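The structure displayed is predicted, hence computed values, not measured ones. Below, all heavy atoms of this structure are taken into account, side chains as well, without hydrogens, waters or symmetry copies.
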Amino acid sequence: MDLFPNLEEAIACGPNAAIVALPPSLHGMIACKILKAGIALYLEKPVAISSHEIEDVAFSAETNGVITMSGCNLRFLPGFRRIRGLLAERALGRILCGHLSVGQWLPDWRPGRDYRTTYSAQRKLGGGVICDLIHELDLARFLFGEFSVGTAHAGTSGALEIDCEDWAEILLTNKNFTVSIHLDYLDRAGHRHGYIEGEAGSLRYDVLGGSLSCFDAEVRTWSKLGDDQKQFSIDDSYRIAISHFFECVEQDRQTELPISEGIKSLKLAEAIRRAAGLPL
């Protein structure tokens with residue numbers, strides 16, 4: 001493996017593709033240089049700390065055929081793809097509301113490292129649950145489509161030594177229904193689950209438990225649609241996502257999750273921050 005002293009020399013060697021997984025505060029600047037060089041790019045989430053940093057460059061690059069991908073890898077989990085399929089088939093009837101929730105005690109995230117030194121704990125580096133846990137915002141868009149922000153509240157509980165929000169309660173709205181989202185750095189047990197209500201039934205998932213169940217209102221029973229950890233394996237989602245990226249690079253076709261799609265989720269996060277009275 002070759003090592004380069006700076007990005008410019010790495011770009012000059014003419015790589016086929018690049019992966020950027022740095023503190024979010026560096027994503028925009030580094031990604032723009034790579035995209036302007038016409039190099040295929042996998043960019044970790046969030047794609048930047050401000051959509052203005054990258055939007056024009058990403059649009060231009062994708063218009064000119066540069067292959068890009070945003071690192072919202074949870075979209076690739078079989079469980080979430082199955083949920084999306086069920087919603088598309090109207091298996092629950094008309095959707096009435098949805099609830100997505102994730103929480104984990106931040107000091108547990110990176111064992112052996114002081115959480116206070118990580119980007120998650122520092123606003124200037126892109127920390128705070130709204131952008132750091134952007135997966136739930138992206139999943140809401142993936143499952144249901146586009147939303148406006150109804151209300152949003154966020155703050156710092158004081159339980160952690162950080163300078164950014166460690167909890168958020170969000171209500172997203174479209175013309176048909178609402179989706180509530182909870183994000184936190186505080187749950188000592190850890191969770192990532194959701195609940196969707198429809199006129200013909202309900203659906204619930206538990207990522208950590210690997211379960212997906214559906215309630216049929218006609219027979220009034222819950223049925224497991226799977227109880228396999230693989231359907232919600234976070235580790236597998238990284239492998240599936242990066243394999244998709246490299247396959248697209250080899251076949252010279254755009255990914256199903258280009259950076260422009262990641263920018264839409266970032267813009268939703270920015271709207272949430274504004275609604276919650278937080279600085280951008």
Side-chain angles (χ1 to χ4, degrees), residues 24 45-53 55 70 72 74-75 80 83-84 87 92-106 120-160 162-199 202-207 260-280:
K45 62 81 191 168
V47 294
I49 59 172
S50 169
S51 59
H52 298 301
E53 289 184 276
E55 185 172 16
S70 169
C72 289
L74 297 194
R75 285 195 185 198
F80 285 121
I83 292 170
R84 191 187 196 206
L87 296 180
L92 304 181
R94 184 169 66 94
I95 300 302
L96 303 175
C97 62
H99 312 273
L100 282 66
S101 183
V102 61
Q104 184 181 4
W105 183 238
L106 181 59
S120 298
Q122 301 177 60
R123 175 62 195 148
K124 67 180 181 181
L125 298 181
V129 294
I130 294 173
C131 282
D132 199 14
L133 297 176
I134 201 170
H135 284 301
E136 265 56 33
L137 308 184
D138 187 72
L139 285 171
R141 295 184 52 249
F142 179 65
L143 296 175
F144 305 108
E146 303 303 330
F147 289 95
S148 299
V149 179
T151 59
H153 302 276
T156 305
S157 68
L160 299 167
I162 65 176
D163 67 358
C164 47
E165 79 278 359
D166 58 18
W167 65 270
E169 299 288 351
I170 303 154
L171 186 66
L172 303 179
T173 65
N174 62 25
K175 63 181 180 180
N176 297 314
F177 57 90
T178 63
V179 170
S180 62
I181 298 179
H182 169 85
L183 312 171
D184 77 59
Y185 285 153
L186 304 170
D187 186 357
R188 301 301 295 261
H191 74 275
R192 179 168 253 144
H193 52 64
Y195 195 91
I196 302 168
E197 298 176 10
E199 285 188 324
S202 300
L203 181 150
R204 61 190 179 196
Y205 68 85
D206 179 358
V207 171
S260 55
E261 185 69 9
I263 290 171
K264 291 179 182 179
S265 292
L266 177 59
K267 284 189 167 184
L268 180 59
E270 290 173 333
I272 290 167
R273 292 189 64 82
R274 283 192 293 269
L278 298 175
L280 295 178

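- The minimum heavy-atom distance between Phe80 and Leu143, with the atom names listed, is O-CD2, 3.6 Å.
- Of the possible polar contacts, none joining the Glu136 side chain to the Ile181 backbone as a donor-acceptor pair under 3.5 Å is found.
- Once rounded to the nearest 0.5 Å, the distance linking NZ of Lys45 with SG of Cys131 reads 9.0 Å.
- Between Ser50 and Leu266 the shortest heavy-atom distance is C-CD2, 3.8 Å.
- Note that the CD atom of Gln104 and the CG atom of Leu133 stand 9.0 Å from one another [nearest 0.5 Å].
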- Message: Using side-chain contact (heavy atoms from CB on, under 4.5 Å), reason through Leu172 and Thr178 one step at a time and then give a plain yes or no.
- Response: CA-CA 6 Å; Leu172 303 179; Thr178 63; over 6 Å; no
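- Atoms CD and CG, from Glu270 and Leu137 in turn, are 11.5 Å apart once rounded to the nearest 0.5 Å.
- Listed here is the closest heavy atom pair of Asp184 and His191: OD2-CE1, 4.0 Å.
- Scanning all heavy atoms of the two residues, the minimum distance from Leu96 to Gly198 falls at CD1-C, 3.9 Å.
- Residues passing the ring-ring contact (aromatic ring centres under 6.0 Å, His included) test with His182, sequence neighbours excluded: none.
- Between Arg273 and Pro279, the closest side-chain pair of non-hydrogen atoms falls below 4.5 Å.
- Using a 4.5 Å heavy-atom cutoff, the side chains of Ile95 and Leu87 are in contact.
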Between Phe147 and Leu171, is a side-chain contact (heavy atoms from CB on, under 4.5 Å) present by the stated rule, with each step listed? CA-CA 10 Å; Phe147 289 95; Leu171 186 66; over 6 Å; no
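- Counting heavy atoms from C-beta on, the side chains of Trp167 and Asp187 never come closer than 4.5 Å.
- Contact record, Cys72 with His135: CA-CE1, 3.8 Å, taken as the closest heavy-atom pair.
- Side-chain atoms of Asn174 and Glu146, non-hydrogen and from C-beta on, never get closer than 4.5 Å to each other.
- Under the 4.5 Å side-chain criterion, counting only non-hydrogen atoms from C-beta, Lys264 is not in contact with Leu268.
- The CD1 atom of Ile134 sits 7.5 Å away from the OG atom of Ser70 when rounded to the nearest 0.5 Å.
- Applying the side-chain contact (heavy atoms from CB on, under 4.5 Å) criterion to Arg188, with sequence neighbours excluded, gives Trp105.
- No side-chain heavy atom of Phe142 sits less than 4.5 Å from a side-chain heavy atom of Leu74.
- Between the side chains of His193 and Ser101, not a single donor N or O lies within less than 3.5 Å of an accepting N or O.
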Report the C-alpha distance between Glu261 and Arg141 in whole Å, list the side-chain angles of each, state the deciding distance to 0.1 Å, and finish with yes or no for side-chain contact (heavy atoms from CB on, under 4.5 Å).
CA-CA 10 Å; Glu261 185 69 9; Arg141 295 184 52 249; 2.8 Å; yes
For this session: Apply side-chain contact (heavy atoms from CB on, under 4.5 Å) to the pair Glu165 and Tyr185, showing each step before the final yes or no.
Result: CA-CA 9 Å; Glu165 79 278 359; Tyr185 285 153; over 6 Å; no
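- Here the closest non-hydrogen pair linking Thr156 and Ile162 is CG2-O, 4.0 Å.
- The CG atom of Leu183 sits 11.0 Å away from the CG atom of Asp166 when rounded to the nearest 0.5 Å.
- Under 4.0 Å is where a charged nitrogen must lie from a carboxylate oxygen, and between Asp206 and Arg192 no such pair does.
- Between atom CG of residue Leu125 and atom OG of residue Ser120 there is a gap of 9.5 Å, rounded to the nearest 0.5 Å.
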